[in-house]
Every structure is written in structure tokens, then in C-alpha cells.
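Structure first, commentary second.
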Protein chains: 4
Amino acid sequence: MTIDHTANGVYAIAVTPFDPQGNVDRASVDRMTDFYLGCEVTGLTILGVMGEAPKLDGEEALDLTRQVIKRAGKLPVIVGVSAPGFAAMRALARGAMDLGAAAVMIAPPSSLRTDDQIIGYYRQAVAAIGADIPFVIQDYPLVFQVVITPKVIREIVRELPSCVMLKHEDWPGLEKISTLRAFQTEGSMRPISILCGNGGLFLDFEMERGADGAMTGYAFPDMLVDVVRVSKNGDRQAAHDLFDAHLPLLRYEQQAGIGLAVRKFVLQRRGDIAFDHQRAPGASLSGAAKEEISFLLQRLARLDARAAGL
Amino acid sequence: MTIDHTANGVYAIAVTPFDPQGNVDRASVDRMTDFYLGCEVTGLTILGVMGEAPKLDGEEALDLTRQVIKRAGKLPVIVGVSAPGFAAMRALARGAMDLGAAAVMIAPPSSLRTDDQIIGYYRQAVAAIGADIPFVIQDYPLVFQVVITPKVIREIVRELPSCVMLKHEDWPGLEKISTLRAFQTEGSMRPISILCGNGGLFLDFEMERGADGAMTGYAFPDMLVDVVRVSKNGDRQAAHDLFDAHLPLLRYEQQAGIGLAVRKFVLQRRGDIAFDHQRAPGASLSGAAKEEISFLLQRLARLDARAAGL
Amino acid sequence: MTIDHTANGVYAIAVTPFDPQGNVDRASVDRMTDFYLGCEVTGLTILGVMGEAPKLDGEEALDLTRQVIKRAGKLPVIVGVSAPGFAAMRALARGAMDLGAAAVMIAPPSSLRTDDQIIGYYRQAVAAIGADIPFVIQDYPLVFQVVITPKVIREIVRELPSCVMLKHEDWPGLEKISTLRAFQTEGSMRPISILCGNGGLFLDFEMERGADGAMTGYAFPDMLVDVVRVSKNGDRQAAHDLFDAHLPLLRYEQQAGIGLAVRKFVLQRRGDIAFDHQRAPGASLSGAAKEEISFLLQRLARLDARAAGL
Amino acid sequence: MTIDHTANGVYAIAVTPFDPQGNVDRASVDRMTDFYLGCEVTGLTILGVMGEAPKLDGEEALDLTRQVIKRAGKLPVIVGVSAPGFAAMRALARGAMDLGAAAVMIAPPSSLRTDDQIIGYYRQAVAAIGADIPFVIQDYPLVFQVVITPKVIREIVRELPSCVMLKHEDWPGLEKISTLRAFQTEGSMRPISILCGNGGLFLDFEMERGADGAMTGYAFPDMLVDVVRVSKNGDRQAAHDLFDAHLPLLRYEQQAGIGLAVRKFVLQRRGDIAFDHQRAPGASLSGAAKEEISFLLQRLARLDARAAGL
């Protein structure tokens, strides 16, 4: 079942679990999927930046897709299909949809510079994968070095009906959400779903600007679910309280280069994956870093206990 | 009076106040200097990235330096002298020292790539300004696109005795501090002062890794002073409590492109400068952004009141 | 006397002569200006990338401008005014025009990425310097990392009547010339002058695509003058013969990092400047490189002699 | 049969022929291989930047490798194995060697910045593919944005005995060749083969600086073979004469973005491949560009005829 522009809530960006030998840890794939289900996320996204997608070959990518979709049941699964060439992108996209994926996600290659180049790239990508597959624009300039303006997004949305969602991780991006929603209000752009990434660092305000939810890999998706729900209900202070309690750890995850290592370490600590190993080339955490994370988890637990009135 | 490797505490990065016509607002320069003195900072840094230094001409830069140093009295003032050419760098550096500056700060031009290019640049810079002027390495890869390894820093420190301080804003940089301190412990590098920038986003842990303090422009330098003092006293939980209370706002300041606008807006709100204007080209805040900052300031005040037992 | 969109021919990009102590070599400034006059160039451009402009302070820049304009007599002089801030840009632009400059040239700062950012930058620049000063867009992505599409140039030309010329050094850029000329033909853009830079590497074909001439610093501007004249007269084979004879040397000048060193060395060899010194930071030539240049000059002389029937 | 540090001559970078539907044109693969054999090249390199390698999936890459190696007979074939992850790199490298490849070529990913990162990357790559496979460092900063100093190359060569060759396409790079050869002379680096790429733009002087030959895709490998042979024989003027005759076309191929389109068009014109099609995303040539290339080919033919005394 595919998604459309009404998609909302929290799509957890799943890591790809590896064992210490660098093989996909298939047992952890199921365990992790169950964990996300237990967090009551709305959907899953696999094979994103945090999923170490470029380190998988085509067959491994489809195997992972198959396993996650099967285990996730009714939960929609978005599959990252960014690839250096359109042949590989098409193969993965069509393969994933055949396996039951809900949509695919496409990031712009870092060589793109001008507005026309960006629009042209998405036009070519859709021609390659087929106009029947709903797709998500991944807008992450800090990592991809490609700056996509609201007007360019509008143009892509106008021209390509299969564009259903923006994974919004521009930085800063609050005004971008406001601008896109204003486009919709004035009728110059049809509605799209906007889910926010960027590690969740601005999720509190992104929701208030009109985002539909989050799509990020923060190791406590349960908190993201709470923040999105409470924020939608209009309880501003409560939403910020929930969010701020996690901000010290969430900020710690934002360290370029070791963010995934932090995330896998926390997920392992939470029992969701068996190993925090990354396939090479990957980063690892020093003893000091692990102690700092443990310290942050303790402070978080203390805050939670206090909030629960314990 | 110049500084040396024992410098520590909080050096506030001062903004440059402009009036709405784009002229340096000299009245606010004094007011702002007094504000920083009242925050009990250890020193001041002017003409950094946040000081809109490239928008000043040489005469304006020296005028600002003169006024701040005079008003700051015994407080050491570090002057940013990064310039596209060594002639301008030398003129500003020698002029600033003649006016009583405590040291100068030099950022690497973004064209540098290799280790040898970076070392060579600092060698040339010191040849240009003179070996008698203490200088600070500004290590800010997110902005300057130049990655300086600990070994390169060690080589600069070894070769150039006038290097007294690292303005550390690598991202992530916790391991870098640990590595540099290990160099000192093992005797392969003489001691230098390490003050942390990067908006203060990791100051809590940077202090624990061995930093001597902060050099950043967060609009509540009083909090930075507290965190540095409490952290040095070894009260870890209290330091984090102080820091975490400010993290939502501090994070909000971290938005690329509008960070300075946020900072000037808060400083204006605190009464430290008359206008939040930037000299062109500059960013401005939307109404929504101003409301969000006000909201964060209210939450901060509420937390402070609670902490004070009110 | 200012220039307008009918400007054509060869505008030589002048180096800035320095003596071995790094001071502007004022005697060579006159000698060099006379040399360019002798080459029968149409105009001069000073304080460009090749003019080591960022290494001069504001006063030096105006002194050089004054001296060159005075010596050049009726020859129009374009002055590069690119600067990190609009205050400095305005000061230099208005100062240069007061001294009799024919126009100013503005390069985009490398931080610009999107179409709107580029257009906005030129809008702000014109607001800063004044709409009465004719200006040249410098379009040099290889150096400035800013990609300006034909549509963006058209928008700048439409919106800003003081835009009179494009210094075209996109790479590759032949199609860009054709596209811009097609805009003019179809009436969607008013005519502008297009002079080609990029060291002259594609001048032969650029003329055939519709360029009005060259603006570059190749050390034999006399050849550029010949190629532009012969090409305009429609003698295609002769234009290519003239051009191809110089291509080995012209190509040698295209070496990133040492191009200016090669150019100054040849100009010194030709007697046009007293020293090939660059103000720090600058590159220098190895003995092997100097020998290679001498070898290329000998081959060139032999070819010239042969062409002259000697 | 594998190659070692004594490899020399001309290794032609082969394009990957596609038919208009975007499938690998297997008939042209054989025809093209025969063409290169007829040019008397020393070896072939496939799946490089010019081979559109990232657009092939793993199976296609191995199929192409198999076909070329079989057809090339005794000619050594180097296979580009650069990949976003080490798993794919290993699979392709070991697969290629099993099929009879002579060596593999590895380019640095553009995220690498510091000396240690570059050395570390090659260390990890060798660990991944196995120390028994001879490999070539591809040093192409203009495309990969990674600057590798001679000292870093020396360190890689020292530490990794399976490094046998440098594909040298730094720009400018003449001094780099001299420096590396000086390392060998002074005994601080064991000998490696240096073959020059960069489209051949500086091949004339690169040979004189100590290169062992060329590895590039210029559409007249026969000329490259001649230049390398004549240059090695010490006939400097003759080597430059041969080279200069091709420089106008060779320069035309150097246009970023359309270089491959030019090359495929010329190869098609020479009858070596059936179609000049690129797999998407690819560039195409305008009518004007095709006319310009034809014009250059005519001038080249005229020069050749004149040189042959016709």
C-alpha cells in the first residue's frame, strides 16, 4: 500500500544492523522492526543516509527491504533509492515497490548546483523509476551540499505528480516550512506531506510551523511520537517539555562523523540491535564518548522519573 | 597586556553593533562592553565571524578596537585579523596590538586543503604580523571548510612559539580536545589554552574533556561563565543542569544563516545593544522567528525562577 | 567616459606589479600600461583575480586605479570591486568612478548557491554602489564555485539596467554564449557585451558563437587582438591559425595555482614589468618550469618567423 | 598477468559503449577493444570516470570486464573499482582479478580532507580488497576534490606494497612528478609507475618530468603512443610537434560536463563505437558543437597531411 500527501506522524529512519564481521545481522533486523512497532511509529524508512545504504550491494538492499516490509506488516515502509546512476536507482525502486514498499526516497547528488539542474534531476529520476511510484524529496543541504529553494520544490511538485512528500532537513528550515505551507494556502502548490529530519533538532518548532511529523533516526522514536502527538493537540508547553528533556542527548547525536555511532550505541543499549557495529568505513566511539552517552541516558531517566512523579 | 597559554574562562565573542543606517553604533559599543563586564567574562573577542568583520573597512576595524579596549579596561581583548591578504592582516594586527589588544585570532582561508598548506599558511601569517604577537588558531571547519587535525595543530604549536591558544570549534570536537591534552601529557606538545566556540553547543562535555573555557557569542555569557566555573569545581550534575536549561535557546541560535540575527535580537531584548541591525548583506528574522525566541526566553525565565526556588 | 553594452575588442586583464619587497612597483605600472597600449587593446581591466586585488588595501587599490587611468588616457579602464562587504565595495566603486573608471566588475561570493541568492546578491550590490555605475558580471565558476545559468544572467540584465557586460568564463561556456545571444534574438533579453576570459582557452570558438571579444590576462594580448579582429572579419582558418600557434603556451598558463606566476614571468621576459614578484601569499616557479616556458617561447618565435615567411 | 611498478606506455581509458536504449553495446565493446589494439596502446583501463562506471550495476561491470579482457588478449587491463562502500569495491576487485585483470584503480571519495584521512582510506581499501591485488592511486583533484600531496603518496607507497602506480592527474602536476621522482632518487620512496591523465593536456611536459606514459581517454590514443615513444627517445621538438598538432582538439575535449560527449562523438566518427550515446544522466552535443569538432578534425587531417609531405 503506497502513501500519499496525507502521510503524517513519525517515520523512524532505521539503521541497518551489522554483525562484527560486517554482515547484515538478520536477527537484529526483526528485533529492530519490532522495537519501532512498539514505539508506535507511523512508518519506517530504510536505506537512508543513516542506513549505510551505499555500503550494501543491490541484492543486500532488496533482501533488507523484503525482511523489513514483511516484519512491519501494515506499517508503511519508505525505501531510499539514491544511487550514482539511474539504472541502479530504477532496479532498486521497482524491486522495492514489488516487495510492498510504500514509497521511495531520492536525494540529489552533490554535483547539482543550479535550480534547473535540481529540477532536471528529479525529472530524469522519475522518468527512470516510472511515474507510478510515489517519491520523497530528501532535502539535506548540510550533507548533500545541494540547496533546494521552496520555489524549486514547488516546481518539482507541480511537474511531477508522483512527488508526495518532502523529507525536510534544511538547516535552518523553519522559514522553508512556512513558505511551503503559504504556497499551499495561496493555491500555488498542491499539498504535500512534510516530515522533518535533521536528527529532530528543531522538531518542536517545525511542528508549529506546519510540519506533518518527523522522519529521523533519533534513538528514542517514542519521544518523537509523543512530541508530534502533543504538538498536534496544541499543548505547546507540554510538547516543548517532552522535547527539551531529550535535547541534550539529541544534540549529542548531532556530531558529524560519529552521529550514527552514537545512535547505534544507544539502540544497542536499549536492546534493539545486537551490535553497534558499522560496516567499513565506519566510525567508532571512544571510551569517553560511551561514558558521556551513559551519563546523558542516566540524566534522561532521572528526568523521566521526575516527570512521572516518582 | 598580552595573554599566554594559561588563558581561561569565558571570552565573549562580541557582535559589532550597527544602527539602522548601517553605521557602527558607537553608543552601543560601550553599552555592550559594559554588559559583558557585568557578566563577569574573562575577556572579549572582537572582529570574529559573528562580528561582521569583513564588512568593516580597515579604519572602522581599528576604531572599534580602540573603543572596546578602552572601555574594557583591564579585560583582555582578542582581535580577529583574518584577511584575504597578509598586508591587511599585518596592518590590522599591529594596529590592534598598538592599541592594547591581548592577542590576535587568525582563521584559515577556505582554499587550504592539505596539512602542509595549513601549516604553511600559519607560518606565512606569523612572518607577516611578526613573531612577537600572540595568536589564536581559529579551527572552525563547518564555516571555513578547512579540516585541521590534532597533529597539524601540534606542528603549528611546535614551530610557532607565538601560538598561545586554540579557538576550538571543530564539529565534532570532543576527541580532538582529548587528543591535544594527551599530546601535552606525553610531552609531545607544549601547553596551549583551548577555548571552545561553536556556539557553545558542546561546552558541557568540552569542559570535561579538558577545555579551559569558552569563546563564543551565545547571548547569555553569564550562563557560560557559570558553567565553566561549576564544571571546573567538579560539580558535574550542576554544570549540566545550568547548561541544559539554556540548550533550547542555544540550539535555536545554531541555525546557519540566521544565527547572528537571533543573537543580536536577544542582545537587543536584553538591552545590551540599541538595534539588532546587521550591515548588508545580512539576514533578518520573520515575525514567527521572533515569537519563537520570545517563547524560549519565557521558558528560560520560568526555569530560572524555579531553580531559584521562586 | 563609461562603457555600455556595445563594448567590444580586447580588454587586457592587467597584473599588479610588485617589487621584491612586496610594494606596488609604480614604475612598472606605467611601463605595463604603455605595453598594453602598444598591443592596441581596446581597454584595460585592473584589480581582478589576476591583479591580486584582495592583497591590496583600499588606499593602494585607489592609487593603482588613479595611476593606470591617468596613463591609459582615452582607453577605458574597468575596475574590479569585488569585496567581502558592500561598504568596501561601495567605497572602491565610487572612488574608482570618480577617478575616471569606465565600469566596475563584480564577482559573486563563493557562498552563493541558488538562483535567487545570485540575483539577490547583484541586486544588493547595485543598491550599495549606486545604479548609475555600469557594471560587469564576472561569471567564473571554476574559481568562484558559483554556477550562474543563462536564465539568471537574463534576470539580472532585466532587473538591473546598469548591467552592461558579462565577463564570460564559464567552463564549458560555448553553449552559454549561444543561449544568451538567442535570448537577445528572440527579444527576451536586451543586448549586453560579452567578453571572454578563462585565460582565452576557447577564444577561437567563443568569437564564432557570438562573443564581442576577450577580457583575459594572457601574456600576449597582441595575439588576442589579432584573433578577435580576424575572427570578426570572418576569416575562420586564419583566426584559428593565429590562435593555435599560441595554444601550447596559453595552455601552460592555465595551471591552477601557478598561472599568475607564469603570466608575470612572461610579462617580465617581454620587458613589461620589472619583477615577476607576487605579494604574499604567492606561488613561484621552479627552474624546470622557467625552462619549459622559455622553450615554449622559442617555439612560438620560430612559428611566428615561419608565418612571416622568414 | 598483473602489472607492477615498471608499467609504462599508454593505457587507453576506454569508454563504455551504450546503445540508444541505454544498454551496454556489446558489439561495440569488441570493436572498441580492437581499435585500441590497433593503436598499439600498452594497456587498457576500464570503468574509470570516463567509463560511466557508477551507472553500471555490479553484474554489468563484471560482464564488461570479462568481455574486454577476453578480447584484449595479452594486453593488460586495469579495472576501476571505486565504490561508495568497501563491500562493493571488494566484490568488483576480486571478481575482476579472477577474470584476469592486471590491476585495479581506486579513487578517493570526495569527503576526504586531511592527509591522515587519505592514507587511512587507502589502508582500509587494501584491507578490503586484499593485499595481493596491485592497485593504482587515482589522483584527480579537479574532479574528486581531494588534494593528495607527494608526501602522502609516498606514505601510501611505503605502507602498502600493493600500490604499483599513480594515475597522475593533479592540476597543475608537473612539480608533483618531479618531487616524486626526487623521492625515488634520494631513496625515500620505492619506484612506482606514473601514468598521466587529465585528458593528456600536459603530456608533452609530463614525459619530460619523468612520467612513464599516459593513461587517458583522448580519442586519438595513436597520437599519445607516438608522443610517449618520441619523447622517450629524446626528440623533444618532434614530440612537441606531434602533441601541438592535436592540442586544439585535445583542449576541446577538456570541457567540463561535455568532455565525454566530445570523446564518444569522435570515437564514433572514427568508427570505433556504433553510438555516441551515454547512459542517463548524460550530456549531449549541440549542432554547433558537432560542427566545431568536425572543423577541428578537418584541420587536424590537413596538418597530418602536411606533416606527411602530401
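These numbers come from the heavy atoms of this one structure, side chains and all, not from hydrogens, waters or symmetry mates. Protein chains get the first letters and strands the later ones, always in sequence-line order, with residue 1 at the start of each.
Below 4.5 Å, heavy atoms of chain A meet no heavy atom from residues 156-168 of chain D. Scanning residues 100-128 of chain A against chain D with a 4.5 Å heavy-atom cutoff picks out A:Q124, ordered by number. Inspection of non-hydrogen atoms places D:P54, D:K55 of residues 50-64 of chain D under 4.5 Å from chain A.
Applying the side chain to side chain donor-acceptor pair (under 3.5 Å) test to pairs two or more places apart or on separate chains, those with a residue in residues 81-105 of chain A are A:R94-A:D132.
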